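Read through the structure below, which is laid out as structure tokens, and then see the notes.
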Amino acid sequence: MRTSVSAEAYGDYNKKGKFQAPVHQKTPEQKERILSKLNVSFLFSSLDPKEKDVIMLAMKIVEVKKGDRFIKQGDQGDDLYVVDSGKLDCFKKFPNEQSEKFLLTYGPGDAFGELALMYNAPRAASIVAKENSILFSLDRESFNNIVKDAVIKKRNLFHEFIAKIPLLDSLTRDRKSTRLNSSHIPL
């Protein structure tokens, strides 16, 4: 059975221009905490250590005060957040229900906002600071220019490699791509 995932389309109307990754200074301890999260996240699994360093430096520090409704369900989102310190509660209002339901509490090392980065989707839930918190934020433009480019480059390398295998010459590029996508190669 096949499943599909939808993401943003890329074409002439949204070609990338020149991009310079932002650099936000951090302590060695903060860098280590961010890299430890990147190393276990599926979103960043295709990056090499140098690319993870660029992502880590591109993340800015965001301070949230206790009680602040940091993210509101339904709002447009452009950032991924990693909790450095503090706790934030996640609430969701489900259709046909009067009030929000508590889902979980995010703490140090936890991340949220992936859908905003990957699919340009509205926020799926609200986030309220349970206590003063410090977060690391990665903006969508940095994600698109660093992470997606790395995945595309790696995929192209695999396509070039597969193209050199005579046994696969009878397959079309699409068929080779289908086989590549269904393999367990981390792309």
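Predicted model, so just to flag it, every value in this text is computed and none were measured.
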Just how far is it from atom CZ of Arg140 to atom CG of Asp79, taken to the nearest 0.5 Å?
10.0 Å
Atom NZ of Lys87 with >12 non-hydrogen neighbours under 6.0 angstrom
no
Which heavy-atom pair separates Arg123 from Asp78 by the least distance, and what is that distance?
NH2-N, 3.7 Å
Pro108 to Gly86 - nearest heavy-atom pair and separation
CD-O, 3.5 Å
If you take all heavy atoms of Gln73 and Lys93, which pair is closest and at what distance?
OE1-N, 2.8 Å
Search all heavy atoms of Ala125 against all heavy atoms of Phe91 and return the closest pair with its distance.
CB-O, 3.2 Å
Residues passing the ring-ring contact (aromatic ring centres under 6.0 Å, His included) test with Phe94, sequence neighbours excluded, are none
Near-ring test Phe136/Tyr81, centroid separation under 6.0 angstrom:
no
When you compare the side chain of Lys52 with that of Met56, does any pair of heavy atoms fall below 4.5 Å?
no
So do Cys90 and Phe112 actually touch side chain to side chain, heavy atoms under 4.5 Å?
no
Indicate if Ile134 and Ile127 have the same hydrophobic cluster label, given that clusters are the connected sets of ILVMFWY residues with side-chain heavy-atom separations under 4.5 angstrom.
no
Taking all non-hydrogen atoms of both residues, which atom of Asp139 and which atom of Pro22 are closest, and how far apart?
OD1-CG, 4.3 Å
In terms of heavy-atom contacts, Val128 and Gly67 come closest through CG1-O, 3.9 Å
Straight-line distance of Met59 CE to Leu135 CG, nearest 0.5 Å:
9.5 Å
Rounded to the nearest 0.5 Å, the CG atom of Asp89 sits from the NZ atom of Lys130 at a distance of 4.5 Å
Does the side chain of Asn132 reach to within under 4.5 Å of the side chain of Glu63, using non-hydrogen atoms?
no
CG of Leu35 to CG of Asp53: how many Å apart, nearest 0.5 Å?
5.5 Å
Are Val64 and Leu103 linked, directly or through other ILVMFWY residues, by side chains that come within less than 4.5 angstrom of each other?
yes
From Thr27 OG1 over to Arg33 CZ, what is the distance, rounded to the nearest 0.5 angstrom?
5.5 Å
Answer whether the closest heavy-atom distance between the side chains of Ile61 and His24 falls below 4.5 Å.
no
More than 12 heavy atoms of other groups within 6.0 Å of Lys92 NZ:
yes
Within the 4.5 Å heavy-atom criterion, are Val62 and Phe70 side-chain neighbours or not?
yes
Is it the case that more than 12 heavy atoms not belonging to Glu131 sit under 6.0 Å from its CD atom?
yes
Among the clusters formed by ILVMFWY side chains lying less than 4.5 Å apart, do Ile71 and Tyr106 turn up in the same one?
yes
Got more than 12 heavy atoms from elsewhere within 6.0 Å of CD, Gln20?
no
Is any side-chain heavy atom of Ser126 closer than 4.5 Å to one of Arg69?
yes
Give a yes or no on whether the backbone of Gly107 and the side-chain of Asp110 come within a donor-acceptor separation of less than 3.5 Å.
yes
Looking at side-chain heavy atoms only, is the closest gap between Gln76 and Asn120 below 4.5 Å?
yes
Looking at side-chain heavy atoms only, is the closest gap between Ile55 and Leu138 below 4.5 Å?
yes
